Amino acid sequence: GVVIRTTNGGTTWTSITSPSSLDNTNIEAIDANTAFVCANGTDDARIYRTTNGGSSWTMVYQSTLAGAFFNFVKMFDANNGYAQGDPVGSPLKYVLLRTTNGGTTWTPAADLAPAASTEYGWNNSHFWIDNLRGWFGTNNSRIYRTTNGGANWISGSTSLLESPSIFFKDATTGLAGTNAANNATPTIAQSTNGGATWTNITSPIAGRAYGLHGTGNKVWVTSAATIIWTTDFGSNWATQYTGTGTWYH
């Protein structure tokens, strides 16, 4: 379990107190002092909060059900936020939580239909246009979407088996990247109806499209040691960087 922090715009980073020895798979900061960390172990998934810049942490939620794993916390403002975890229980259902008091307590936010026995979500595989409309990806050819702040979720089908990255430029037009280890090519899909349906598009990569981020029509995608980008929202792509290692986010 490691947390690092910068106070000079990313020029330097310093390790600070970590919530626990578990793997930290997601971090969400509200300001310089308040942040949340998803920490996951073997069937032990937790949400921690700091209000003093990481000097100390408080566990604000814990699940010890088999398969428990938190993928993200998303705070819309200082009080209201959302969290998502992999399917647990019997029948298997995604853990969907909401807070209205700054993360002090978390309560169930929605009840999805049972998931497939091998279905799970992805770390950071979520995107929100505002506090009402959001999406998250899975490994089971489904991308879930909400239009009411997570009170209800609807799944949109995609031929991409896995979708670890999502970006929408507005409420209707978005892109999703896939883990191409299981679905070799193409590696990117596009939706023009808010995620109800998805269409595969051509890109110059055939590896894992883990990170997908953008602004307007400009979008960048990380795949293994390569970064590609488009300036027309996926009609044309160019390789911007190639190095070594694997870029996840």
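FYI, side chains are in, hydrogens and waters are out, and symmetry mates aren't considered; it's all heavy atoms of this structure. Since the model is a prediction, treat every value here as computed from it, not as a measurement.
Among all heavy-atom pairs drawn from Thr17 and Ser55, the shortest one is OG1-O, 3.6 Å. Taking each heavy atom of Asn24 and Pro19 in turn, the nearest pair found is ND2-CD, 4.3 Å. Shown here for Ala151 and Ala110, the closest heavy-atom pair between the two residues is O-CB, 3.4 Å.
Counting only distance, with no hydrogens or angles, the side chain of Asp170 and the backbone of Thr172 share a donor-acceptor pair below 3.5 Å. Between the Arg5 side chain and the Ala32 main chain, a donor and an acceptor come within less than 3.5 Å of each other. One N or O on the side chain of Asp43 and one on the backbone of Gly67 form a donor-acceptor pair closer than 3.5 Å. Here the side chain of Thr146 pairs no donor or acceptor atom with the backbone of Gly134 at under 3.5 angstrom. Checking side-chain atoms of Ser163 against main-chain N and O of Ala176 turns up no donor-acceptor pair under 3.5 Å. No donor-acceptor distance shorter than 3.5 angstrom exists from the side chain of Ser155 to the backbone of Arg142, with no hydrogens or angles considered. Distance alone, capped at 3.5 Å, places no donor-acceptor pair between the Thr239 side chain and the Tyr241 backbone. In this structure, Gln190 contributes its side chain and Phe233 its backbone to a donor-acceptor pair below 3.5 Å. At distances below 3.5 Å, not a single donor-acceptor pair connects side-chain atoms of Asn40 with backbone N or O atoms of Asp44. Remark: the backbone N or O of Gly1 is paired with a side-chain donor or acceptor of Ser18 at under 3.5 angstrom.
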For a quick test of your reading: what N or O donor-acceptor pairs under 3.5 Å do the side chains of residues 88-97 make, sequence neighbours left out?
residue: Lys93; atom: NZ; partner: Asp111; partner atom: OD1; Å: 3.1
residue: Lys93; atom: NZ; partner: Asp111; partner atom: OD2; Å: 3.3
residue: Tyr94; atom: OH; partner: Glu119; partner atom: OE2; Å: 2.9

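For Arg133, the salt bridge (Lys or Arg N to Asp or Glu O under 4.0 Å) partners are Asp130, not counting sequence neighbours.
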Could you go step by step and tell me if Thr51 and Asn33 meet the side-chain contact (heavy atoms from CB on, under 4.5 Å) rule?
CA-CA 5 Å; Thr51 57; Asn33 293 313; 5.7 Å; no

Worked verdict on Thr138 versus Asn140 for side chain to side chain donor-acceptor pair (under 3.5 Å)
CA-CA 6 Å; Thr138 73; Asn140 193 35; 5.8 Å; no

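The side chain to side chain contact (heavy atoms under 4.5 Å, CB included) with Asn26 is formed by just one residue from the set Ile47, Asn124, Asn123; it is Asn124. For the ring-ring contact (aromatic ring centres under 6.0 Å, His included) test with Tyr144, the passing option among Phe136, Trp153, Phe127 is Phe136; the others fail.
Tracing side-chain contacts under 4.5 Å through hydrophobic residues (I, L, V, M, F, W, Y), one reaches Trp106 starting from Phe70; they form part of the same cluster. Hydrophobic clustering (side-chain heavy atoms under 4.5 Å, transitive across Ile, Leu, Val, Met, Phe, Trp, Tyr) groups Val2 together with Trp13. A single hydrophobic cluster is not seen to contain both Trp122 and Val73; linkage of ILVMFWY side chains at heavy-atom distances under 4.5 Å, directly or through other members, places them apart. Both Met59 and Ile16 are part of a single hydrophobic cluster, where members link through side-chain heavy atoms under 4.5 Å apart. Under a hydrophobic-cluster definition in which Ile, Leu, Val, Met, Phe, Trp and Tyr are linked whenever side-chain heavy atoms come within less than 4.5 Å, directly or via other members, Leu175 and Trp229 are assigned to different clusters.
Note that the CZ atom of Arg98 and the CG atom of Asn80 stand 7.5 Å from one another [nearest 0.5 Å]. To the nearest 0.5 Å, atom CD1 of residue Ile143 and atom OG of residue Ser191 are 8.0 Å apart. Interatomic distance, His126 NE2 to Lys74 NZ, rounded to the nearest 0.5 Å: 7.0 Å. Rounding to the nearest 0.5 Å gives a distance of 10.0 Å between OG1 of Thr242 and CD1 of Ile228. Once rounded to the nearest 0.5 Å, the distance linking SG of Cys38 with CD of Glu28 reads 9.5 Å. Note that NE2 of His213 is 7.5 Å distant from OG of Ser165, once rounded to the nearest 0.5 Å.
At least one side-chain heavy atom of Val3 sits less than 4.5 Å from a side-chain heavy atom of Val37. Looking at heavy atoms from C-beta onward, Thr6 lies out of side-chain contact with Thr11 at the 4.5 angstrom threshold. The shortest side-chain heavy-atom distance between Ser223 and Tyr210 does not fall under the 4.5 Å cut-off. Trp237 has its side chain within reach of Val221: a pair of non-hydrogen atoms, C-beta onward, lies under 4.5 Å apart. The shortest side-chain heavy-atom distance between Trp220 and Thr215 falls under the 4.5 Å cut-off. Looking at Lys218 and Thr230, their side chains never come closer than 4.5 Å, going by heavy atoms from C-beta outward. When side chains are defined from C-beta on, Trp57 does not count as touching Arg49, because their heavy atoms never get closer than 4.5 Å. With a 4.5 Å cut-off on side-chain heavy atoms, Thr25 and Asn71 do not count as touching.
No hydrogens or angles considered: nothing links the side chains of Asn139 and Glu162 as a donor-acceptor pair under 3.5 Å. When only modelled atom types and interatomic distance are considered, Asn101 and Thr99 share a side-chain donor-acceptor pair under 3.5 Å.
For an aromatic pair to be called close, the ring centres must be under 6.0 Å apart, and Phe76 with Trp128 satisfies this. The ring of Phe168 has its center closer than 6.0 angstrom to the ring center of Trp135.
Classification of the Phe72-Tyr82 ring pair by plane angle, with boundaries at 30° and 60°, yields parallel.
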